[in-house]
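Below: one structure, written as structure tokens.
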Amino acid sequence: MFDRRSFLGGAAAAGLAQPVAAQALDTIPLPAADLHGRNEDAYWAALRQQFLIPADVVNLNVGTVGSSPRPVLKAIFDGFETTEQMTQAGSEDYPIWGYGSWEAYRKPFADFMGATVDQMAILRNCTEANSYVANGFDMKPGDEVLMSDEEHGSGEMPWMLRQRRYGVVVKKFAMPKPPRDAADILNRINDAITPRTRIIFVSHISTATGVVLPAKEIAALARSKGILSAFDGAHAPGMIKVHLNDIGCDIYTGSMHKWLFATKGTGFLYLRDEDVMDRVWSTVVTGGYDDPTRKADRYMQIGSSCIPTLMGLNAAIGFANMIGMDRIEARNRMLADYIHDAMVKRGAQSWTSPDPALRGAIATVNVPPVQRMELQDWLWTNHKVRIRGGAPSKLRLATPYFLSKADIDRFLGLFDEFRRMKGIS
Ligand SMILES: Cc1ncc(COP(=O)(O)O)c(C=O)c1O
């Protein structure tokens, strides 16, 4: 028998908290538009209330997955309630994304990213979008893709699969840790290009170090050599302001569930024009995938998918626009600089670029002999502070706007306490 108890039991079994009643989601007012000018701290504190993350939790790991604020959750839940009534206007209208062109959702996101609706396909995550690129880009055995040695598994593995299965060649250049400036990265890319290089595939923002790569310059370098440029922008939407047509790249992928705090299950694939689309076969397909008049929407013909997910995406864009991307970016960066500088003062080795143009809202530091996993577990289990990093001693500290300096000071104090506890001076 299916009762409320067994339903909640499912959440408990998954280690989740009790659900917040959907009706309670819009009971906390948004900050007044002029509050930022009158009292900046109060403005950000009011926005913090829009997130369900408990007040005593400090989340320094939006880099893995974001948390959707109340208006986004409300849009998703309302979306389920309205679409499940099956009262769509037309006799052929059904609440499924995966067959139609859904401009009502693609256009706001394309606008947000400085692209047109014809260039933008909304997919289910960045991994899926990266797989479309690696799987679908026209290449012959022996042709090369050039990437950095800091790509996320979801960027690298689709190409590794293609290499194993079809004999294309994955070449890597080593990212400097940290890069001094844009030239430090561009020279390495330039040196690694060969006559067989067909495509450069790099992260816009490195998952390993948070370095913001000089996308516009990389796209221009690729173009000057007749090579396509593709960026994995999983971390970019909502962290920094992005104008895709200004970058001038051929292909760009990303996730909206991280820094834009949209629904889990939202990603995108941007293709500059029809020439590029002609060179990228689709991967998940149903009728319409090969209709060139559909432009980017032909990459969205993926079969039944979830419309309330897209409703949440629109709400997330509205939420970010309400605050303003300039304001979000400035706050994100200020907090990252704050935590970075405080860690360097404590003797940490910085893997964050000294060049402000190559910095975003992820500060990465190396702190030997501290063991990152030991610190990470201790912080979360005992103190409700969430960080992430890499073996053995790298800490990746992501600073979304809803954090405060007091949150960061709490982390810093605990970091000092951990070192004292371990006898590390
Ligand atoms: C650079 C990069 N690419 C791709 C991904 C995968 O994103 P998703 O889980 O949305 O597919 C991540 C996730 O952390 C990432 O950091």
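For reference, positions follow the sequence shown, starting with 1. Remember, it's 1-based here, ligands and their atoms both numbered in the order they're listed.
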Under 4.0 Å to a heavy atom of His257 - the qualifying atoms of ligand 1, by number: 8 (P), 9 (O), 10 (O)
Verdict with supporting geometry, Phe402 and Trp44, ring pair (Phe, Tyr, Trp, His ring centres under 6.0 Å): CA-CA 6 Å; Phe402 61 72; Trp44 294 112; 10.0 Å; no
Any N or O of Thr127 closer than 3.5 Å to N or O of ligand 1: yes
Nearest non-hydrogen protein atom, atom 10 (O) of ligand 1: Ser255 OG, 2.6 Å
Under-4.0 Å heavy-atom contact with ligand 1, by part of His235 that carries it: side chain
Ligand 1 to Cys126 polar contact by distance, N or O atoms, under 3.5 Å: yes
Arg386 NZ/CZ over Phe411 ring centroid, <6.0 Å and within 45° of normal: no
Exceeds 12 heavy-atom contacts within 6.0 angstrom, atom CZ of Arg70: yes
Salt-bridge contact Arg180-Asp355 (side-chain N to carboxylate O under 4.0 Å): no
Distance filter under 4.0 Å to Thr207 heavy atoms, resulting ligand 1 atoms: 1 (C), 16 (O)
Check: Ser203 N/O within less than 3.5 Å of ligand 1 N/O: no
Atom 5 (C) of ligand 1 - nearest protein heavy atom and its distance: His152 ND1, 3.6 Å
Nearest neighbour in protein (non-hydrogen) for atom 13 (C) of ligand 1: Lys258 NZ, 2.7 Å
Electrostatic pair Asp143:Arg198 at N-O distance under 4.0 angstrom: yes
NZ/NE/NH1/NH2 to OD/OE distance under 4.0 Å, Glu151 and Lys172: no
Check: Phe109 ring centre within less than 6.0 Å of Phe268 ring centre: yes
Any N or O of Ser154 closer than 3.5 Å to N or O of ligand 1: no
Option of least heavy-atom distance to atom 4 (C) of ligand 1 (set: Thr253, Val202, Asp232, Asn125): Asp232
Carboxylate-amine/guanidinium proximity below 4.0 Å for Asp111 and Lys107: yes
